[in-house]
Amino acid sequence: MPHKTGRCNLNLTYNAELKPYNSFGVSAKATCLAEIHASEDLEQAVELADSNDLPLLLLGGGTNVLFAGDFPGMVLLMRNRGVEIDRESGLIRIAAGENWHDLVQTCLKNSLYGLENMALIPGSTGAAPVQNIGAYGIELESFFVELDLFDCNSGNVRTMNRKDCNFSYRDSILKQPRPRPQVVCSLTLQLLRDPTPNLSYPTLAKELEPIGDPTPQDIFKAVCQIRRRRLPDPTKIGNAGSFFKNPVIPHNEFEQLRTRFDSPPSFPAKEGIKIPAGWLLEQCGFKGYTKGEAGVSERHALVLINRGGATGKELHQLAMEMQARVQSEFGITLEPEVRVICTA
Ligand SMILES: Cc1cc2nc3c(=O)[nH]c(=O)nc-3n(C[C@H](O)[C@H](O)[C@H](O)COP(=O)(O)OP(=O)(O)OC[C@H]3O[C@@H](n4cnc5c(N)ncnc54)[C@H](O)[C@@H]3O)c2cc1C
């Protein structure tokens with residue numbers, strides 16, 4: 001039942017089941033869930049949470065979270081919509097609740113380019129800057145101009161530019177834990193008006209080899225094809241994509257690794273050498289691993305899956321087991337990319 005007040009109709013559900021709102025498809029309860037369609041909803045929901053001493057949790061598509069237990073607080077489900085496009089300048093302003101993949105398609109339809117390498121990343125646009133989403137040689141950061149942020153502590157809205165966000169690999173200042181969350185309400189991106197294919201990622205370049213001079217639409221299609229082949233579809237089998245970040249190790253540790261393995265896969269990184277976490281996990285035998293209803297994808301050792309009836313706690317335990325094994329086998333610490341919610 002909508003909770004009515006003088007100012008607006010806030011759509012609230014008490015004792016809310018979160019299974020439909022997380023791509024792992026695990027069951028968890030929240031004290032209450034509020035749908036945010038407009039800034040008034042946000043203000044009112046935060047006020048209500050404050051007056052009931054409820055912690056807050058933001059959720060977009062729920063494709064990068066794992067509920068390892070219930071959430072004894074208020075979930076703010078970002079559902080505000082709207083896209084403003086200026087084709088002349090290539091600037092585009094998007095409401096946080098817009099779906100990311102739909103946005104990529106909208107940009108292509110409007111002859112604005114650059115995002116096609118990030119096609120089919122599930123989730124909302126508002127969450128995209130939180131972990132500086134990226135795929136196939138591109139990160140959000142390259143197109144980012146600014147975002148509008150609602151501070152649940154002060155109730156103020158402020159604008160943050162690229163420097164303020166402090167983006168890095170699957171990270172930004174927005175990912176840092178805070179007692180009260182900061183809500184991305186909208187973001188502005190600068191897109192390219194001329195097609196500028198980025199084929200720096202070898203798998204993508206190989207996929208497009210038969211096409212001499214690929215267009216952004218060709219890249220879009222190729223990225224979708226590769227992703228559908230490599231990753232389980234979260235609408236069919238519960239998962240949150242890559243569970244861990246790829247670790248970066250110092251050069252001397254990489255040399256040690258090379259004494260054990262002929263040619264371990266690696267990429268140069270700012271602070272050392274980046275090793276694919278999926279490869280480390282595969283060496284530990286986790287590809288296709290099963291533990292009850294929790295498991296690891298047969299296609300990719302970095303993707304934890306819910307085979308149907310796994311609990312969030314079981315998936316979390318499996319993730320910790322994987323982390324511990326990589327630590328003992330390689331002395332490398334895997335950091336989760338997925339946010340684990342384990343408050344109760
Ligand atoms: C099959 C699959 C493939 C994936 N592939 C990729 C990939 O290639 N590259 C990549 O980078 N990621 C990938 N992901 C991870 C995920 O899609 C992205 O991180 C996405 O941006 C998450 O969006 P979401 O709306 O679902 O976020 P949620 O899971 O709802 O939230 C993620 C985090 O962001 C916070 N948050 C959500 N909305 C807001 C907001 N409006 N303001 C502030 N904070 C907010 C949440 O509190 C939480 O901490 C993949 C996931 C899946 C399931």
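Residues: numbered from 1 along the sequence shown. Note that the coordinates shown come from a computational prediction; the quantities given were computed from them, not determined experimentally. Just so you know, ligand 1 is whichever comes first in the structure, and atom 1 is the first atom listed for that ligand.
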*Note, P264 side chain near R258 side chain (heavy atom, < 4.5 Å)*: yes

*Counting each atom of ligand 1 from 1 as listed, which ones have a heavy atom of V65 under 4.0 Å away?*
29 (O)

*Less than 3.5 Å between some nitrogen or oxygen of S23 and one of ligand 1, yes or no?*
no

*Answer yes when E314 and R307 have at least one side-chain N-carboxylate O distance shorter than 4.0 Å, and no when they do not.*
no

*Look at R79 together with E35 and state whether they make a salt bridge at an N to O cut-off of under 4.0 Å.*
no

*Apply salt bridge (Lys or Arg N to Asp or Glu O under 4.0 Å) to E282 and list each qualifying residue two or more places apart in sequence or on a separate chain.*
K287

*Taking N or O atoms only and a 3.5 Å limit, does P234 qualify as a polar contact for ligand 1?*
no

*ligand 1 and M78, any nitrogen or oxygen pair closer than 3.5 angstrom?*
no

_Taking distance alone, with N or O pairs closer than 3.5 Å, would you say G61 contacts ligand 1?_
yes

*If you measure from atom 20 (C) of ligand 1 to every heavy atom of P122, A128, G126, which option wins on shortest distance?*
P122

*Should the proximity of Q131 to ligand 1, defined as any heavy atom under 4.0 Å, be assigned to the side chain, the backbone, both, or neither?*
side chain

*N/O separation below 3.5 Å, G62 to ligand 1*: yes

*State whether the shortest distance between N or O atoms of G60 and N or O atoms of ligand 1 falls below 3.5 angstrom.*
yes

*Rounded to the nearest 0.5 Å, how far apart are CG of N198 and OH of Y113?*
16.0 Å

*Please lay out, stage by stage, how E321 and Y289 fare under the test side chain to side chain donor-acceptor pair (under 3.5 Å).*
CA-CA 12 Å; E321 181 186 332; Y289 181 76; 2.7 Å; yes

_Ion pair D148/R93, N-O distance below 4.0 Å_ = yes

_Please list, in number order, the atoms of ligand 1 under 4.0 Å from a heavy atom of A240._
51 (C), 52 (C), 53 (C)

*Could you tell me which atoms of ligand 1, counted from 1 in the order shown, lie closer than 4.0 angstrom to a heavy atom of R227?*
3 (C), 4 (C), 5 (N), 6 (C), 7 (C), 8 (O)

*What atoms in ligand 1 come closer than 4.0 Å to a heavy atom of G123?*
23 (O), 24 (P), 25 (O), 26 (O)

*Which ligand 1 atoms, with their elements, are less than 4.0 angstrom from a heavy-atom of V183?*
42 (N)

*Of the listed options (D233, V130, L120, L59), which comes nearest to atom 44 (N) of ligand 1 when hydrogens are ignored and any heavy atom counts?*
V130

*Pick whichever of N239, I36, L58, V75 has a heavy atom sitting closest to atom 36 (N) of ligand 1.*
L58

*With respect to atom 9 (N) of ligand 1, which of G134, A135, P232 exhibits the smallest heavy-atom separation?*
G134

_Pairs of nitrogen or oxygen atoms closer than 3.5 Å, one from T63 and one from ligand 1: do any exist?_
yes

*Got I121 and T63 here, is their nearest side-chain heavy-atom distance under 4.5 Å?*
no

*Do K206 and E209 meet the salt-bridge criterion of a basic N to acidic O distance under 4.0 Å?*
no

